[in-house]
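Below: the structure, in structure tokens.
All values below were derived from every heavy atom in this structure, side-chain atoms included, with hydrogens, water molecules and symmetry-related copies excluded. Values in this document were obtained by computation on a predicted structure and should not be read as measured data. Reminder, nothing fancy here: chain letters follow the sequence lines and each chain counts from 1.
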Amino acid sequence: MTGGLVRFIFWRIGSSAVLLVMVSILVFVVLRIIPGDPTTLSARPGFTQQQRDLRLNELGLNKPVIVQYLTWAGDLFRGDFGKSYFSGYSTTELVARRLPATLELTLISIIVSLLIAVPSALLSVRRLHGPLDGMMSGFAAIGMAMPPYWLGVILVVIFAVGLGWFPARGYEPLLTDPLGNLQSMVLPATTVSASIAAPIYRFLRAALLETFPLDYIRTARGKGLMWSTVLRRHSLPNALLPTLNFVGLVVGSLLGGVVAIEYVFGLPGLGALAIDAVNKRDYSVLQGVVMLAVVGFLLASFIVDLISLLIDPRLRVKATSR
Amino acid sequence: MKGLRLLTVLAVLLLVATGCQQSGQQDESAGGAGTEGRAAQGGTLTVAAPEGIPQLDPHKIVFNIETALYPLLWNGLTQYTQDGGAEVQPDLAESWEASEDATTWTFHLRSGVKFADGKDLSAEDIVASIERAKSPRIGLYLATYIQNIKSVKAVNDETVRIDLDGPSATFPADISRIKIVDLESLETINETPNSTGPFKVKEFVPDDHLVVVRNDNYYGEAPSLDEIKFVATLDPAAGVTGMRSGDFDAMWRAPWNDIAQFQSDPSGDFDVVVAEQSPPTAVTLQFDDQSPPFDKIEARQAMMYAVDRQKILEAVYSGNGQFGQTNSLIAPDDPFFGGDSAQYEFDLDRAKELFAEAGVEEGTTLTYWTTGAYPDHIQMGQLLQEDLAKIGIELQIQENEVNTWAEKFYPPPKTYPGLVVPNLQTFSSPQILGFWKSDVAETNWGNETYDKYVNQGDSELDETARKEAYSNAQDLFSEEVPAIVVLKTSNPVVVSDKVQGVWIDVEGYARFADANFSE
């Protein structure tokens, strides 16, 4: 039993490592295929090809791609993520500085969206196809259709420029200014939550519906339990399990999705760092951010899987009998 | 993307609507109080910067925003000032003179200049800084301006002598770009740079924000502001909303379509600052002058007739700019503006004739190679597209990611037949002429006579002879049209109407050191 679990964990680590290597090759090659290099945007009028070659040579970018990759991968293996071509700061330091804003935004958004999605889904299925269900589904459709970037702009226009309740942009660190931190998080977190609460709601609603024809629900109803109690005690726990996996996926994709939001709200997060690195072709910074995002994604889904295993005996049997 | 933009436009309309409502209320409460305004001491000016500041070493700068910090933190031997206009003014040097052949320049230093930490600035600091800035190991792009330096010597504590490879009349202007640092504290230049300017660094987070505070050891008049905070605002839309919500007091390089809205904003809460004289930015249309069809002078001249400069100035740049009758790189109100041989008016019939002579027949398709980084260029392309369609030429507007756009033609020499490339060049006058010498500009135009005129102007100490040489160069440029100068303008700064004293220098950089808040 435990041996099976250990085997499962090792299998996951092994497949994650393969995925990481593949991603690292992909991001490395793609960055070098797209037009431009670190000298393109920084070059000034009068910059010659000769000067450019000199600079590329200095940055080690004129070597064959395979040599560049192996050098980078070797450094990576030793925990050296390289440094920015422009500021000279190490990628690790830049990422560490940008991580708090992104993590905070992600965490708050997940909590808020769960607080919205779970009760909404329960209300929806309580009277299936009733007026409340229709309204919720309508909101979900709007939430999913609305581009987060645009919603962000609208919120800024109304609540920051118009009413002046919240700052239009910026970020105050949690430790130095807790109140300012909260204020600066309200609008971006609302924007992100609105866009991820909708798919979570839909998934959970469907998962709840799937439990209805199952035996244990029929038994619970047969016992004479109230419908709302059946939903809460029997249907919800079973429906939450697959939803947990789905949330894991959403968290992973969120690392990409918050990019635009950070941009709109001027949050000094990983997304803004990545966009800036793409524009400037600051290769090692972007490679570092992508690798860390992938590690984060893998870690999140791994943790979700572990939690599922721990709380659902059925899955444990499946996993260990592999 | 299109739909998104439409939605954003709606959002902005909504924003203007709410803005109107608010301003209406404010006007009532203000009750027509005096709008003259007195200058208030102190305060923090928060500036939306169009790009992040990666580092603070003035010899390692690459981005415009880094250069804009120059006058706040550092000093050179010479400088440009608001009152001085295009004439270079004393800074760390109080005066200077050239040898008769203009190959040796002697600078007499200001005494009693101190670094922010209290250390005296010495002649050796100046020599060492210039040598460092020039070194290829450092790779400063501005070093091209001082490549003609043969040697720099501290004659004594008050004098620095610089020997050049050849004569140069522009040297005092060229050396203004080289800033003097404390070489002993280079280790900590990104945390606490030991600067001599009116401000010093208080807090710096690379690519996010920079706070500078008044430097009490500055030799000149103390600035009015206590602090200036630069905040990287990569999304221009976020900068614009930040201005409207009052989070920012100033925004440098706001997009031109937003400038129009700020200028006509009914609240009157905003001012737009542009260069008062001789705007330094040339908005150009470039071609590959070695590839068809623009290897033919007639094709280039035809395009010159097809560009409705007046309409572009009004519709795209809200009238913020100028152009003359010729195709000149220098603004008409600049003392070095000259040449009148080739004049162009908007004339589609003439354009059609010339295109036919160059073999560009009706039904030809040209590509307008542009980037979303400059929305004004796209608007300009749309106007040109309409006009060219009238004479049977299709202009396809292709919008690219900014690196993709630049890689097509840059650095020279590159081949790009059939492309019309909108671009901009920002130089002080008459330095901009030097950019079009052989092998420098991306248009692959090489003309030895032009090179000769520019070199002659650059090395001539006599003002009249200098002007004549530059004038000849402009004549040639206007006739041959290696590129089209649509107009001259400057990157604008939007400021809150409470902010005074922001100005644009002759090189196009926004100056914030003299800013103050009026009450």
Side-chain angles (χ1 to χ4, degrees), chain A residues 34-37 39-52 54-55 58 84-89 93-94 97-98 146-147 149-150 152-154 156-164 166-171 260 262-266 268 272-273 275-282, chain B residues 3-4 7-8 10-12 14-15 18-19 21-22 51-55 60 62-63 136 139 141-142 144 190 205-209 231-235 237-239 241-242 244-248 373 400-408 410-413 425-427 434-435 439-442:
Chain A
I34 54 173
D37 60 49
T39 64
T40 309
L41 275 203
S42 60
R44 292 310 186 101
F47 191 69
T48 59
Q49 187 61 45
Q50 198 185 357
Q51 281 171 298
R52 175 186 215 168
L54 249 153
R55 179 88 182 116
E58 207 175 295
S84 162
Y85 299 134
F86 301 99
S87 67
Y89 285 89
E93 193 181 339
L94 291 173
R97 213 178 261 155
R98 303 298 190 109
M146 196 145 49
Y149 175 87
W150 182 70
V153 172
I154 289 292
V156 166
V157 167
I158 297 174
F159 294 102
V161 180
L163 299 168
F166 304 105
R169 59 169 314 290
Y171 177 75
E262 286 177 5
Y263 215 61
V264 174
F265 290 99
L273 180 69
I275 287 194
D276 199 29
V278 174
N279 285 339
K280 292 178 179 165
R281 300 288 190 264
D282 203 346
Chain B
L4 241 174
L7 294 176
T8 317
L10 286 175
V12 170
L14 191 64
L15 176 129
T18 49
Q21 238 175 2
Q22 268 203 331
E51 52 202 5
I53 301 163
Q55 59 89 40
K60 290 190 174 171
V62 254
F63 299 105
Y141 79 92
L142 293 167
T144 49
N190 274 333
V205 178
D207 287 322
D208 187 56
H209 71 270
V231 183
T233 313
L234 305 183
D235 182 7
T241 44
R244 293 198 180 269
S245 67
D247 291 342
F248 295 128
N400 303 281
E401 187 266 343
V402 63
N403 286 270
T404 313
W405 168 74
E407 281 296 325
K408 196 82 178 179
Y410 193 82
Q425 285 86 29
T426 302
F427 286 96
F435 181 63
D439 305 329
V440 187
E442 304 98 9

Original post:
What residues form a salt bridge (charged side-chain N to carboxylate O under 4.0 Å, His left out) with B:Glu407, not counting sequence neighbours?
Top reply: A:Arg52, B:Lys414

**OP:** Go through the atoms of A:Val156 and report whether side chain, backbone, both or neither lie under 4.5 Å from a heavy atom of chain B.
**Re:** side chain

Original post:
Under the side chain to side chain contact (heavy atoms under 4.5 Å, CB included) test, which residues partner A:Val278, sequence neighbours left out?
Top reply: A:Arg281, A:Leu286

**OP:** Might you point out which heavy atoms bring B:Ala238 and A:Tyr263 nearest each other, and give the distance in Å?
**Re:** CB-O, 4.1 Å

Subject >> Closest approach of A:Tyr149 to B:Asp235 (non-hydrogen atoms, all atoms of both residues) >> reply: OH-OD2, 3.4 Å

Original post:
chain A heavy atoms under 4.5 Å from B:Glu51: which part of the residue, side chain, backbone, both or neither?
Top reply: neither

Original post:
Should A:Pro35 and B:Lys408 count as side-chain neighbours, where that means a heavy-atom distance under 4.5 Å?
Top reply: no

Original post:
Which atom pair, heavy atoms only, marks the closest approach of A:Arg98 to B:Asp207?
Top reply: NH2-O, 3.5 Å

**OP:** Measure the spacing between OH of B:Tyr141 and CZ of A:Arg55 and express it to the nearest 0.5 Å.
**Re:** 14.0 Å

Subject >> Nearest heavy-atom neighbours spanning B:Asn403 and A:Asp37 >> reply: OD1-O, 4.3 Å

**OP:** Locate the shortest heavy-atom distance separating B:Thr241 from A:Val161; write the atom from each residue and the value.
**Re:** O-CG2, 3.8 Å

**OP:** With a 4.5 angstrom heavy-atom cut-off, could you sort out which part of B:Ala373 is near chain A: side chain, backbone, both or neither?
**Re:** neither

Subject >> Heavy-atom contact with chain B under 4.5 Å, split by part of A:Phe86 >> reply: both

Original post:
OG1/A:Thr40 to CH2/B:Trp405 distance, rounded to the nearest 0.5 angstrom?
Top reply: 11.5 Å

Subject >> Working for side chain to side chain contact (heavy atoms under 4.5 Å, CB included), residues B:Phe63 and A:Lys280 >> reply: CA-CA 11 Å; B:Phe63 299 105; A:Lys280 292 178 179 165; 3.6 Å; yes

**OP:** Quick one: closest heavy-atom pair of A:Ser87 and B:Asn190, and the distance?
**Re:** O-ND2, 4.3 Å

